[in-house]
*Asks:* 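Pasting a structure here, questions to come.
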Amino acid sequence: MDYLAGLNEPQRKAVEHIDGPLMIIAGAGSGKTRVLTYRTAHLIEKGVDPFAILLLTFTNKAAGEMRHRIETVIGNAAKNIWMGTFHSIFAKILRFEGTRLGYTSNFSIYDTDDSKSLIRALIKEKNLDDKVYKVNLVLNRISNAKNRLIGPAQYTGSSILAEEDRLARIPAMGELYQLYCARCFAANAMDFDDLLFQTNILFRDHLDVLNKYQHKFKHVMVDEFQDTNVSQYLITKKLSAVNRNICVVGDDAQSIYAFRGADIQNILNFERDYSDLVTIKLEENYRSTKAIVAVANSIISRNKNQLKKDVFTSNEDGDDIEIIRASSDNEEGRMIASAIFEAAQKENLTWSDFAILYRTNAQSRSFEEALRRLNIKYRIIGGVSFYQRKEIKDVLGYLRFTVNQNDEEAFKRIINLPKRGIGDTTIAKIVVTAAENNVPIWDVVSNISQFQAARGSAGIEAFSDLIKSFKLMVEVEQKDAYEVANHVAKASGLLRELYEDKTVEGLARYQNLQELLNAIKSFVDNPENEDKSLATFLQSVSLLTNADADEDPADRDKVTLMTIHSAKGLEFNRVFLVGLEEDLFPSQMMLQSQQDLEEERRLFYVAVTRAEKKLQISYAESRYQFGRLKACEPSRFLNELDPNFVKMAKPAGARKEVSSFRPVQKTGFTAKPAPSAAQLIQKPTTNTNYQHVVSANFQATDALALAAGQKVEHAKFGFGLIKRIEVNGAERKAVIDFEKGVGEKTLLLSFAKLMIVT
DNA sequence: GGTCGTATATTTTTT
DNA sequence: ATATACGACC
């Protein structure tokens with residue numbers, strides 16, 4: 001019990017409160033995780049069975065870390081606590097209980113891409129105008145409905161919603177919703193929202209199941225409670241209705257997921273649902289300096305919709321918050337990068353002490369470039385994660401279809417991959433045939449001759465034989481996930497296809513695939529995983545968030561770049577909050593669609609409170625957007641900072657633009673790893689002759705731009721004159737002579753769109 | 001059915 | 001700037 005000694009009064013009270021509903025309002029940096037950890041440990045020490053504790057966190061990573069910390073306090077018993085995200089915990093429960101709802105235990109989980117693809121197909125099948133029925137809009141409406149527990153039947157029955165959709169000129173919305181659900185169900189698939197929605201249905205319609213879990217979980221705890229939606233809230237409420245031991249932890253000031261259905265009212269109105277609720281406020285900030293806390297308070301005090309709170313700190317005063325003005329996004333990048341470089345040297349900090357936080361993922365580019373230039377190591381959290389990459393999703397598609405042959409989206413992805421001569425028309429026909437005859441897709445595929453004339457059916461038969469052999473491995477031979485995946489990668493031909501692709505991207509994709517196989521291997525080898533089946537692996541994979549990505553600890557000393565959303569729950573010695581421009585932050589989109597400046601302000605608050613020692617905020621006066629330079633205004637949020645703790649950074653000395661013209665000497669370098677990225681094959685060069693041979697597949701406009709005598713220039717990086725250009729149409733090759741040396745950068749930018757053929 | 005070339009729209013945040 | 005959609009053509 002000695003760990004109680006290190007806690008302050010409210011923290012200790014929270015830890016020691018065992019029976020009855022408890023709400024902990026935890027200000028930023030107030031030791032929330034610590035309280036949650038100790039409280040759980042305390043429960044177990046008081047004799048609560050770890051299996052009877054349900055702890056819901058926001059990311060899998062948070063759960064993992066918490067488990068680790070509890071383990072150091074109470075040891076091995078921590079392994080048995082039910083801990084994870086809402087999505088992963090209830091996916092697990094649905095595996096067991098889903099049969100009650102007509103799903104089998106190996107149901108697929110559709111990610112957002114799958115959902116969108118299905119909606120796109122439905123819009124097409126119904127002959128609706130996809131300019132009016134935008135996929136994102138439709139998906140949003142469906143998602144919102146599910147999060148508010150409005151099923152398709154209720155949706156179509158609601159005159160209010162029908163009126164809304166009529167006014168929005170999307171009267172077929174209800175029908176689409178219905179079809180979407182029917183198709184997901186036929187595919188034995190649930191989307192992200194279904195994992196919560198169907199859990200609610202399960203608990204509503206099957207009281208014996210609800211009862212079982214109500215008695216199983218003696219204590220229910222919810223972390224980041226401010227970001228739960230109605231669907232999640234109802235699940236926890238139902239689960240804790242018997243024992244009434246519900247403990248929620250959160251900070252209304254940090255509620256930043258309204259766009260995903262999170263309802264700040266859950267926390268603001270929590271008292272209404274529990275008359276005997278005990279509320280404890282943690283208001284002492286242990287993380288940040290006085291200056292940072294003061295500025296954060298000055299920001300959040302402008303919001304009306306919040307619980308009263310008085311966050312304070314007894315930490316040192318600290319440096320003032322610095323505002324950095326840059327002329328462009330590229331200059332912003334350079335200024336921040338050199339600020340990091342200098343600070344690291346002068347103050348003996350490591351790269352991992354720094355974080356750059358931005359509003360949108362697209363902003364990372366200028367920082368990446370500038371950091372690379374200074375040889376500063378960095379890592380980017382978010383963006384396109386490993387499991388989103390095409391080659392990975394392709395293999396996962398095969399694996400998904402092997403486990404669940406009704407999975408329509410997996411089917412569409414892999415049926416013609418590698419090419420089997422099966423086109424979109426055939427695929428659509430199969431899908432529609434299955435839907436119309438109300439039979440699983442697999443029935444059509446495996447009996448293709450009954451449904452379709454001979455044309456194209458050879459390829460389909462080959463495909464169905466392939467899948468049958470995979471099925472055999474899983475269902476009869478009971479092979480584990482790795483054995484199956486390894487075989488599938490080879491037998492499908494995907495591995496070979498990538499192996500034969502000798503371009504740099506091809507190589508990277510091949511390596512990614514190998515890495516996926518390694519990940520599966522380590523899943524199988526991990527003694528903590530009792531169930532090594534493919535189905536279980538797939539489930540764990542589809543619920544990974546981008547905060548969960550593995551990082552090799554040996555390689556950790558890097559500057560972190562990420563969106564403010566992904567920074568939730570983290571802290572850094574130094575924080576650079578960048579891109580403080582009106583319309584970007586606060587985001588124009590957000591203000592238009594949700595009319596919610598307060599949520600943006602909370603996001604600002606979250607960003608500011610990530611900093612421990614020093615906070616620097618920057619904005620640019622111009623920024624590239626859609627390839628064009630746009631003028632920008634400083635954000636209104638800059639005026640909301642307490643002026644007593646803010647200073648302008650001294651203007652950086654006049655800076656000469658870089659315009660080096662280094663001759664290219666390397667053989668074969670690559671452009672950014674964009675899909676259209678190019679590899680340059682360079683012929684041996686002499687000192688004066690910069691000839692490059694490019695095998696390319698380019699648009700006519702590009703060829704024009706590259707015509708002989710044209711200047712090739714890019715922004716500030718320099719230019720070169722093309723002396724001669726030969727474009728051999730048949731071979732799709734261009735030979736280009738440069739009059740003089742051009743910078744490597746210029747070459748890359750000029751050729752980035754050229755795609756390699758050979 | 002597949003490939004190529006051009007026109008068009010697109011960007012907020014994420015389980 | 002780039003991803004997608006569409007029409008022309010093989």
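The sequence lines fix the lettering, A, B, ..., with proteins before strands; numbering per chain opens at 1.
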*Asks:* From the list dT15(B), dA5(C), dT12(B), which nucleotide is the closest neighbour of the side chain of Thr360(A)?
*Replies:*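 Closest nucleotide among those given: dT12(B).
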*Asks:* Under the side chain to side chain donor-acceptor pair (under 3.5 Å) test, which residues partner Arg95(A), sequence neighbours left out?
*Replies:*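 Gln539(A).
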*Asks:* Which whole-number value in Å describes the distance from Tyr358(A) OH to dT12(B) C1'?
*Replies:*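 For the pair Tyr358(A) OH and dT12(B) C1', the rounded distance is 13 Å.
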*Asks:* To the nearest Å, how far apart are Asp263(A) CG and dT15(B) P?
*Replies:*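 Taking CG of Asp263(A) and P of dT15(B), I get 20 Å after rounding.
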*Asks:* Between Asp129(A) (CG) and dA5(C) (P), how many Å, whole number?
*Replies:*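 Result: 14 Å.
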*Asks:* Below 3.5 Å between N/O atoms, which protein atoms pair up with nucleotides 8-10 of chain B? Just atom names and distances, please.
*Replies:*
from: dT10(B); atom 1: OP1; to: Lys134(A); atom 2: NZ; distance (Å): 2.8

*Asks:* Between dT15(B) and Phe86(A), is there a base-stacking contact, meaning the centre of the base's six-membered ring lies under 5.5 Å from the residue's ring centre while the planes stay under 30° apart?
*Replies:*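 The ring of Phe86(A) is not stacked on dT15(B).
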*Asks:* Run the ring-centre check on Tyr257(A) versus Phe58(A) and record whether the distance is less than 6.0 Å.
*Replies:*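 Yes, the ring of Tyr257(A) comes within the 6.0 Å limit of the ring of Phe58(A), centre to centre.
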*Asks:* Students often get this wrong, so: under 4.0 angstrom with heavy atoms, is Asn416(A) touching a base, only sugar-phosphate, or nothing?
*Replies:*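 Counting heavy atoms under 4.0 Å across all strands, the contact made by Asn416(A) is with sugar-phosphate only.
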*Asks:* Identify whether any heavy atom of Thr112(A) sits under 4.0 Å from a base atom; if not, whether one sits that close to sugar-phosphate; answer base, sugar-phosphate or nothing.
*Replies:*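 Base: the residue Thr112(A), judged by heavy atoms under 4.0 Å, touches a nucleobase.
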*Asks:* Could you list the residues that satisfy ring-ring contact (aromatic ring centres under 6.0 Å, His included) with Tyr133(A), not counting sequence neighbours?
*Replies:*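 Tyr133(A): no ring-ring contact (aromatic ring centres under 6.0 Å, His included) contacts found.
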*Asks:* Whole Å only: how far is the CG atom of Leu195(A) from the C1' atom of dT14(B)?
*Replies:*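 From Leu195(A) CG to dT14(B) C1': 14 Å.
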*Asks:* Output the rounded distance in Å from CG (Asn136(A)) to C1' (dT11(B)).
*Replies:*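 Nearest whole value for this atom pair: 10 Å.
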*Asks:* Rounding to an integer number of Å, can you tell me how far Lys61(A) NZ sits from dT15(B) P?
*Replies:*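 Answer to the nearest Å: 12 Å.
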*Asks:* Is the number of heavy atoms from other residues, nucleotides or ligands within 6.0 Å of CD (Gln265(A)) greater than 12?
*Replies:*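 Result for CD/Gln265(A): enclosed.
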*Asks:* Taking atom C1' of dT14(B) as reference, at what distance in whole Å does atom CG of Asp113(A) sit?
*Replies:*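 Atom CG in Asp113(A) sits about 13 Å away from atom C1' in dT14(B).
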*Asks:* Closest-nucleotide mapping onto DNA chain B: is Arg359(A) or Leu543(A) further toward the 5' terminus? I mean the 5' end.
*Replies:*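 Closer to the 5' end of DNA chain B: Arg359(A).
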*Asks:* Rounded to whole Å, please give me the gap between CE in Met562(A) and C1' in dT12(B).
*Replies:*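 Between C1' of dT12(B) and CE of Met562(A): 17 Å.
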*Asks:* For Arg120(A), check side chain to side chain donor-acceptor pair (under 3.5 Å) against everything at least two apart and list the hits.
*Replies:*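 Listed in chain order: nothing, the list is empty.
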*Asks:* Take atom P in dT13(B) and the same atom in dT4(C), then report the distance between them in whole Å.
*Replies:*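 The same atom, P, in both gives a distance of 16 Å.
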*Asks:* Can you list everything that forms a side chain to side chain donor-acceptor pair (under 3.5 Å) with Lys116(A)? Sequence neighbours excluded, please.
*Replies:*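 In terms of side chain to side chain donor-acceptor pair (under 3.5 Å), with neighbours along the sequence ignored, Lys116(A) is linked to Asn136(A).
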*Asks:* If the cut-off is 4.0 Å, is Asn361(A) near the phosphate of dT14(B), judged by side-chain N/O to OP1 or OP2?
*Replies:*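 Yes, within the criterion.
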*Asks:* Looking at Ser587(A), I'd like to know whether one of its side-chain N or O atoms comes within less than 4.0 Å of OP1 or OP2 on dT11(B).
*Replies:*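 Looking at the OP1 and OP2 atoms of dT11(B), neither is under 4.0 Å from any side-chain N or O of Ser587(A).
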*Asks:* List in chain and number order the residues that pass ring-ring contact (aromatic ring centres under 6.0 Å, His included) with Tyr605(A), two or more places apart in sequence or in another chain; answer none if no residue qualifies.
*Replies:*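 Expected list: none.
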